[in-house]
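Counting convention: from 1, in listed order, for ligands and their atoms alike.
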Amino acid sequence: MPLTPLVYWAQRHEDIYLRVELTDAQDIDVHVHENFLQFKAQGHGAKGQNEYEFSLEFLSPVKPEVIHRSTQRQVSITVKKGQHGWWERLTLKERKPVFLAPDFDRWLDESDAEMEIREKEEKKNRLKASRHKEEEGFISLKTAFLFVYNLVQFLGFSWIFVNMTVRLFIFGQDSLYDTFHTISDVMFFCQILAAVEVLNAAFGVVHSGVIPSLIQVVGRNFVLFIIFGSLEEMHNRPVVFFVFYLWSAIEIVRYPFYMLGCFNTEWKTLTWLRYTIWIPLYPLGVLAEAVAVIQSIPIFDETKLFSIPLPKALGTSISFSFVLYIYLVLMFLGLLINFRHLYKQRKRRFRTKKRKAN
Ligand SMILES: CCCCCCCCCCCCC/C=C/C(=O)SCCNC(=O)CCNC(=O)[C@H](O)C(C)(C)COP(=O)(O)OP(=O)(O)OC[C@H]1O[C@@H](n2cnc3c(N)ncnc32)[C@H](O)[C@@H]1OP(=O)(O)O
């Protein structure tokens with residue numbers, strides 16, 4: 001014959017807690033329907049090892065989900081109230097069942113329970129506020145980092161652009177022949193640093209595309225380090241002037257635009273320039289780079305620099321110019337990808353602005 005275990009109870013505004021005095025309980029079966037709870041389990045209770053069961057008709061309906069957890073000493077049951085609120089008693093009948101008693105370990109009266117809710121909410125708000133502070137700290141660190149990065153690049157490219165322009169006015173055509181000697185150190189610095197842009201895009205620091213940034217940085221550094229840097233014969237060619245001038249012309253607009261963006265500010269003329277002057281500059285820049293690559297092909301063939309040695313049976317070596325022919329095709333593809341990307345950015349930017357203005 002099943003016996004009834006001792007059951008202790010307590011409540012909060014949202015939950016009912018039941019503690020069933022059964023040790024080593026097994027085959028626990030708890031069912032809840034509307035305001036009815038039924039419990040059945042095998043275990044060691046007040047009357048020794050036996051099957052124990054009880055049922056409760058709650059004061060109000062409860063939610064059907066019920067959580068129970070059994071430990072060596074007891075079975076804990078949590079039932080969610082159907083509606084948030086305080087119950088004046090647990091059961092529908094005013095006379096409480098004899099096996100039921102208050103759980104003084106968890107007992108709180110209504111005002112204490114309200115205080116508990118308030119404390120929990122305050123704790124949550126404090127946590128939220130500290131998270132918000134952390135986020136703000138991270139954002140200001142990110143803004144500071146981007147601002148300094150953009151400032152350094154802006155100063156570098158401004159120095160290049162102004163220096164080349166002044167030299168062009170002073171020395172005329174002669175200045176085209178010694179661009180590499182006067183400018184290359186700063187250009188090397190700026191272009192190595194530009195690798196940061198690929199990392200920024202890859203780690204989501206800024207909303208730039210990774211592929212367009214990679215094409216831009218790899219493309220420029222290939223020309224700078226391989227074509228110009230490794231061939232002394234290229235140093236005095238006017239093509240260096242055109243490549244450097246076209247690169248720096250966009251950057252003295254792009255970096256100040258980003259600097260203002262760091263503070264959610266914009267200057268309309270600068271925005272328009274950033275999203276417009278690439279239209280002539282990009283094809284011209286790639287054209288100038290292609291001319292540099294084509295000019296370097298006979299030099300690589302002659303000097304055999306970077307040529308790839310082959311096994312004797314196949315011939316002596318493959319000239320690096322073979323790689324350069326492939327690169328010329330890649331340049332064309334890179335130009336298409338970045339042109340499309342910049343066109344989309346331009347459309348997005350001006351469409352958003354127009355919508356905001358309406
Ligand atoms: C896989 C490798 C293969 C290699 C193959 C090589 C082939 C090579 C072929 C091509 C070679 C080209 C070489 C380059 C030549 C030239 O440069 S010619 C001169 C003219 N050039 C240009 O006009 C291009 C200039 N470059 C760019 O515009 C960029 O580098 C870009 C990656 C091509 C595009 O920029 P992107 O960042 O995607 O667009 P934006 O609209 O400007 O930015 C998006 C948002 O991100 C914010 N942001 C980006 N960077 C920063 C930053 N540093 N600081 C702060 N904020 C930044 C920006 O504000 C935008 O924000 P929202 O407006 O809020 O979206």
Side-chain angles (χ1 to χ4, degrees), residues 139 142-154 156-157 160-161 187 190-191 193-228 239 242-267 270-293 323-353 356:
I139 290 170
K142 185 176 106 174
T143 307
F145 159 72
L146 284 175
F147 183 80
V148 171
Y149 169 78
N150 293 321
L151 179 67
V152 171
Q153 288 285 30
F154 172 61
F157 279 106
I160 294 172
F161 189 81
M187 188 57 97
C190 291
Q191 280 309 132
L193 192 63
V196 167
E197 277 168 52
V198 182
L199 298 177
N200 280 349
F203 291 110
V205 178
V206 295
H207 299 131
S208 306
V210 183
I211 301 287
S213 306
L214 195 67
I215 289 175
Q216 159 106 359
V217 172
V218 174
R220 280 191 188 177
N221 281 343
F222 184 87
V223 171
L224 182 62
F225 286 90
I226 311 283
I227 308 293
F228 296 154
V239 71
F242 292 106
V243 169
F244 282 11
Y245 209 61
L246 288 162
W247 287 357
S248 52
I250 181 74
E251 305 307 33
I252 56 168
V253 170
R254 190 162 71 102
Y255 289 114
F257 164 78
Y258 290 153
M259 277 154 69
L260 288 184
C262 288
F263 302 107
N264 294 321
T265 317
E266 75 165 319
W267 175 28
L270 193 66
T271 307
W272 184 84
L273 283 173
R274 190 272 171 272
Y275 287 108
T276 308
I277 55 165
W278 58 270
I279 300 171
L281 289 185
Y282 215 88
L284 283 175
V286 174
L287 180 70
E289 288 176 29
V291 169
V293 173
V323 175
L324 294 181
Y325 287 117
I326 298 174
Y327 183 73
L328 282 171
V329 178
L330 286 181
M331 259 179 130
F332 182 68
L333 290 178
L335 169 69
L336 287 185
I337 294 172
N338 273 8
F339 213 84
R340 192 164 157 261
H341 173 76
L342 284 164
Y343 176 69
K344 272 192 190 165
Q345 297 288 73
R346 182 178 202 277
K347 248 175 68 178
R348 183 182 65 101
R349 187 81 196 187
F350 291 136
R351 192 182 45 215
T352 327
K353 289 286 135 196
K356 271 184 193 161

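At under 3.5 Å, a nitrogen or oxygen of R220, whether backbone or side chain, sits near a nitrogen or oxygen of ligand 1. The shortest N/O to N/O separation between R348 and ligand 1 falls below 3.5 Å. Inclusion of Y275 in the set of residues having an N or O under 3.5 Å from an N or O of ligand 1 is warranted. Checking only distances, R349 does come within under 3.5 Å of ligand 1, N or O to N or O.
In this structure, atom 13 (C) of ligand 1 lies nearest to the protein heavy atom E289 OE2, 3.3 Å. With respect to atom 28 (O) of ligand 1, the closest heavy atom belonging to the protein is R274 NH2, 2.7 Å. Summary of contacts: the protein heavy atom closest to atom 30 (O) of ligand 1 is R254 NH1, 3.2 Å. If you check which protein heavy atom lies closest to atom 54 (N) of ligand 1, you get N150 ND2, 2.9 Å. With respect to atom 59 (O) of ligand 1, the closest heavy atom belonging to the protein is Y258 CD2, 3.7 Å. Here the protein heavy atom with the shortest distance to atom 21 (N) of ligand 1 is Y282 CD1, 3.1 Å. Distance from atom 37 (O) of ligand 1 to its nearest protein heavy atom, with residue and atom name: S208 OG, 2.6 Å. Protein heavy atom in closest approach to atom 38 (O) of ligand 1: H341 NE2, 2.6 Å.
Distance alone, capped at 3.5 Å, places no donor-acceptor pair between the Y343 side chain and the I279 backbone.
Ranked by closest heavy atom to atom 25 (C) of ligand 1, the top entry among E197, M259, Q216, H207 is Q216.
Within the listing of ligand 1, atoms 18 (S) sit less than 4.0 angstrom from a heavy atom of G285.
Residue M331 comes nearest to A290 through the heavy atom pair CE-N, 3.5 Å, listed as atom of the first residue, atom of the second, then distance.
Between Y255 and Y149, the ring planes are perpendicular. Angles over 60° get that label, and only those under 30° would be called parallel.
A ring pair (Phe, Tyr, Trp, His ring centres under 6.0 Å) with F161 is found for exactly one of F244, W247, Y245, F154, namely Y245.
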